Every structure is written in structure tokens, then in C-alpha cells.
Protein chains: 2
Amino acid sequence: MTVTEVPPEGLTISAAAQMSGLSVDTLRYYEKEGLTLHRPGRSSSGQRRYTEQNVKWLGTLVMLRRTGMPIRDIKKFVELYRRDGTEADRLAILEAHRVHVLEQLDEVQTHLTAINRKIDYYKTAVMDGK
Amino acid sequence: MTVTEVPPEGLTISAAAQMSGLSVDTLRYYEKEGLTLHRPGRSSSGQRRYTEQNVKWLGTLVMLRRTGMPIRDIKKFVELYRRDGTEADRLAILEAHRVHVLEQLDEVQTHLTAINRKIDYYKTAVMDGK
DNA sequence: ATGAACCTTGGAGTGCGCTCCAGCACAAGT
DNA sequence: ACTTGTGCTGGAGCGCACTCCAAGGTTCAT
């Protein structure tokens, strides 16, 4: 039940980049920073091969990054993730992050209504000929 | 009907910083970058004095920044703002920005539901004793 | 009148998150 | 066989938005 087929021999880095919405450079950078849950395997000639599991984790990284979690915090999360019995800690991090995201959203929404007010003001001003 | 009194001689930079939620350094940086609508006046000894108008504009800058508008785009907006008859252009910029903010919000909200799902998963996992 | 607390400037430095590059190896299509 | 494309590494470079610093001036309370 995969959205897009991942062949058993794995995806090339460019394919994984396309699927995750990240750039090839970013993928290598994340790996260098230790953000991958498992490093992707290598072909006989040393090229990365991404499994479906690898790609799924990239999705998690995107989720965390695009909600504003800094690289170094993600790193801590991943390190936890790699050890068993850390479920409670992972939960704590996610819940703290959730609160953080909600605060962000709230602030942006407040500013958004101010933007809307300004837009309404200009719409009237422009309509009234300059 | 001002929220906090602004004396006629104006506020010091640190007072303006406190009111706007920006740092003193950021205030000077924004001014250097040409983000102020009007540069604040100076005391006899050359210290900045912020009027209520100045402080209000800082609020606008905060609104644009915290919704993700880059400094260089704000700069263009301010330059427009300083010229008369640019109301339609200002409106266009604000509307484009509004769309951008809505897109951002939407993406973050999507990721948020994914975070919530993960949290629910861990809540169950943790409850079931590790 | 001495010291702390504030302000000024120009410019250097920082942290973040990529992004790009050189120089090389391998892969795939024709 | 050849050419084009893709991949590898280590490391340099970049854009952004501040943030800090040195060196000095002013203000004010004790």
C-alpha cells in the first residue's frame, strides 16, 4: 500500500530527494548531521540506496523542520529514537513541540488579522480613487 | 487612547525596544536597513527619540517579519509607503503576502495533524507499559 | 565628582541551514 | 566505445537576520 513504488534495491538519492521534497544536497547534509534514523544502504559502487523506511523517515524530518524544529533538536530526537525504551521521552519532546507550534500558529494568525485589516483599509482607499 | 503613554519628547531606544518587543540592536539595524517609515528624531545630544508614530510603525514591521516577510521585501514595501499614490501597489504586496501566509499556515497545520497522530501513537505505546 | 547606566557609531562576528564546488568514479543510453 | 548523466567526498561559501564589540559621549544619582 505504498503511494509510489519503492523497488527492493532502493531509490537513488535524486529519487529520494524528489519524493521527500528535499534537495539532494540537503539529504546528504542531514545524513552528515546524523538526522537519519538509519543511514541508507549503498550499492556495490558506493551509491546511496533509499528504502521505503528511509524515505518515510525523511517525511518525519520534513514534518519537524517545516514546523520550525531546529536541526539540533531533531538530532536529539533521532538519537532517542534509535534507542529502545525512550518512548516516554519522545512523547515529551513531541508534546513540547506541539505546544510550540500552536503558539507560533496563534501568533501568525493574530498578525494575519492585522494584515487583513490593512488590506481592507487599502481596498477602500484604492476604490475611492487613490 | 494610547495603550502606554508616549511623552511628547519621545521614547528612548530602550523604551521603544521594550514596547515593540524588538531588541535595541534590532531597532538600530532596521533603521540602518531603511525599514523605518520616518527615522526617529534626535535629542540635543544625538540620542534617538521615538514618537508614537515611530512605535506604531515598529508594530507593522513586527507584523510583517513574524509572518515571514524577508527584510528585503519589507524594504520595498516601506519605500512604496513613503511615496504618495502607491496605495494600489501596497495593496498588491499585502495581498500577495496574505496568500503566502495562508499557504504557510496550511502547511504547518497539515504537519501538525501528523504530529498529533504521532503523539497519540506514543500515548498509547507509553500507556501500554513501554 | 565619581561611578553607573544609558546612549552613539562603524564594523566585525555569529548561528543557522543549507548550497555549491572541485575532482573523481560509475552508470546508462545510443 | 562514447557521451551524458548521476553519484561520491570533503570542505568552502552563502544569505539571512541579527548580535556583539570597541571606543567613546552624556546623564544622573549619591
Side-chain angles (χ1 to χ4, degrees), chain A residues 7 9-36 39-51 54-55 58 60-78 97 100 104 107-108 111, chain B residues 7 9-36 39-51 54-55 58 60-78 97 100 104 107-108 111:
Chain A
E9 69 274 16
L11 297 171
T12 61
I13 194 168
S14 59
Q18 212 160 17
M19 284 192 64
S20 62
L22 297 168
S23 77
V24 166
D25 279 311
T26 299
L27 254 48
R28 285 195 280 243
Y29 167 69
Y30 282 1
E31 190 181 328
K32 217 185 285 188
E33 291 296 311
L35 265 47
T36 53
R39 333 194 80 205
R42 300 295 178 123
S43 73
S44 57
S45 66
Q47 294 190 359
R48 273 165 262 253
R49 291 293 180 252
Y50 289 79
T51 64
N54 293 148
V55 174
L58 292 178
T60 302
L61 294 181
V62 168
M63 170 191 93
L64 295 175
R65 278 297 299 129
R66 308 248 34 181
T67 50
M69 189 182 282
I71 298 286
R72 80 174 108 45
D73 292 3
I74 298 181
K75 200 171 172 178
K76 285 177 204 151
F77 184 67
V78 180
H97 184 55
H100 193 78
Q104 272 180 205
E107 195 194 339
V108 171
H111 288 310
Chain B
E9 69 274 16
L11 297 171
T12 62
I13 194 169
S14 59
Q18 214 160 18
M19 283 192 64
S20 63
L22 298 168
S23 77
V24 166
D25 278 311
T26 301
L27 254 48
R28 286 194 279 243
Y29 167 67
Y30 282 0
E31 190 182 327
K32 218 185 283 187
E33 290 297 310
L35 264 48
T36 52
R39 330 194 83 205
R42 299 298 176 124
S43 74
S44 56
S45 67
Q47 294 190 0
R48 273 164 265 252
R49 292 295 177 248
Y50 289 79
T51 65
N54 292 146
V55 174
L58 291 178
T60 302
L61 294 180
V62 168
M63 170 191 94
L64 295 175
R65 277 298 298 130
R66 308 250 32 182
T67 50
M69 188 182 282
I71 297 287
R72 81 175 109 49
D73 292 3
I74 298 181
K75 201 170 171 180
K76 284 178 206 151
F77 184 68
V78 179
H97 184 55
H100 194 77
Q104 273 181 205
E107 195 194 341
V108 171
H111 289 309

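In what follows, every chain begins at residue 1, and chains take the letters A, B, ... in the order their sequences are listed. Reckoned from all heavy atoms, side chains included, excluding hydrogens, waters and symmetry mates. This is a predicted model, so every value here is computed, not measured.
Whole-Å rounding puts the A:R42 CZ to D:dT6 C1' distance at 14 Å. Distance CD1 (A:I13) to C1' (D:dG5): 15 Å, rounded to an integer number of Å. In this structure, A:R66 atom CZ and C:dC18 atom C1' are separated by 13 Å, rounded to whole Å. In this structure, the CG atom of B:D25 is 12 Å from the C1' atom of D:dA17, given to the nearest Å. Here the P atom of nucleotide C:dC6 and the CG atom of B:L27 are 16 Å apart, to the nearest Å. For A:Q47 and D:dG5, the CD to C1' distance is 11 Å, given to the nearest whole Å. In this structure, B:K32 places its NZ atom 15 Å from P of D:dA17, rounding to the nearest Å. We find that CZ of A:R65 is positioned 7 Å from C1' of C:dG17, with the value rounded to whole Å.
Between the CG atom of A:N54 and the CZ atom of A:R48 there is a distance of 11.0 Å, given to the nearest 0.5 Å. Between atom CD of residue A:E33 and atom OG1 of residue A:T26 there is a gap of 11.5 Å, rounded to the nearest 0.5 Å. Separation of atoms NE2 (B:H100) and CE (B:M69) is listed at 9.0 Å; rounding is to 0.5 Å.
Proximity of A:T12 to the phosphate of D:dG7: a side-chain N or O atom is located under 4.0 Å from OP1 or OP2. Between B:R28 and the phosphate of C:dG11, there is no side-chain N or O to OP1/OP2 separation shorter than 4.0 Å. Regarding contacts with the backbone of D:dT27, a side-chain N or O of B:S45 is found under 4.0 angstrom from either OP1 or OP2. Contact annotation: A:Y29 side-chain N/O to C:dC20 OP1/OP2 distance is not under 4.0 Å. Dashed line: the shortest gap from a side-chain N or O of B:R48 to OP1 or OP2 of C:dC7 is not under 4.0 Å. In this model, the phosphate group of D:dG7 is not approached by any side-chain N or O of A:R49 to a distance below 4.0 Å at OP1 or OP2.
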Set out, in order, the CA-CA distance, both residues' side-chain angles and the distance that settles side chain to side chain contact (heavy atoms under 4.5 Å, CB included) for A:R49 and A:T12, then state yes or no.
CA-CA 5 Å; A:R49 291 293 180 252; A:T12 61; 3.5 Å; yes

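Nearest-nucleotide positions on DNA chain D for A:E31 and B:S43 put A:E31 closer to the 5' end.
The neighbour count for B:R42 CZ, taken as heavy atoms of other residues, nucleotides or ligands under 6.0 Å away, is above 12.
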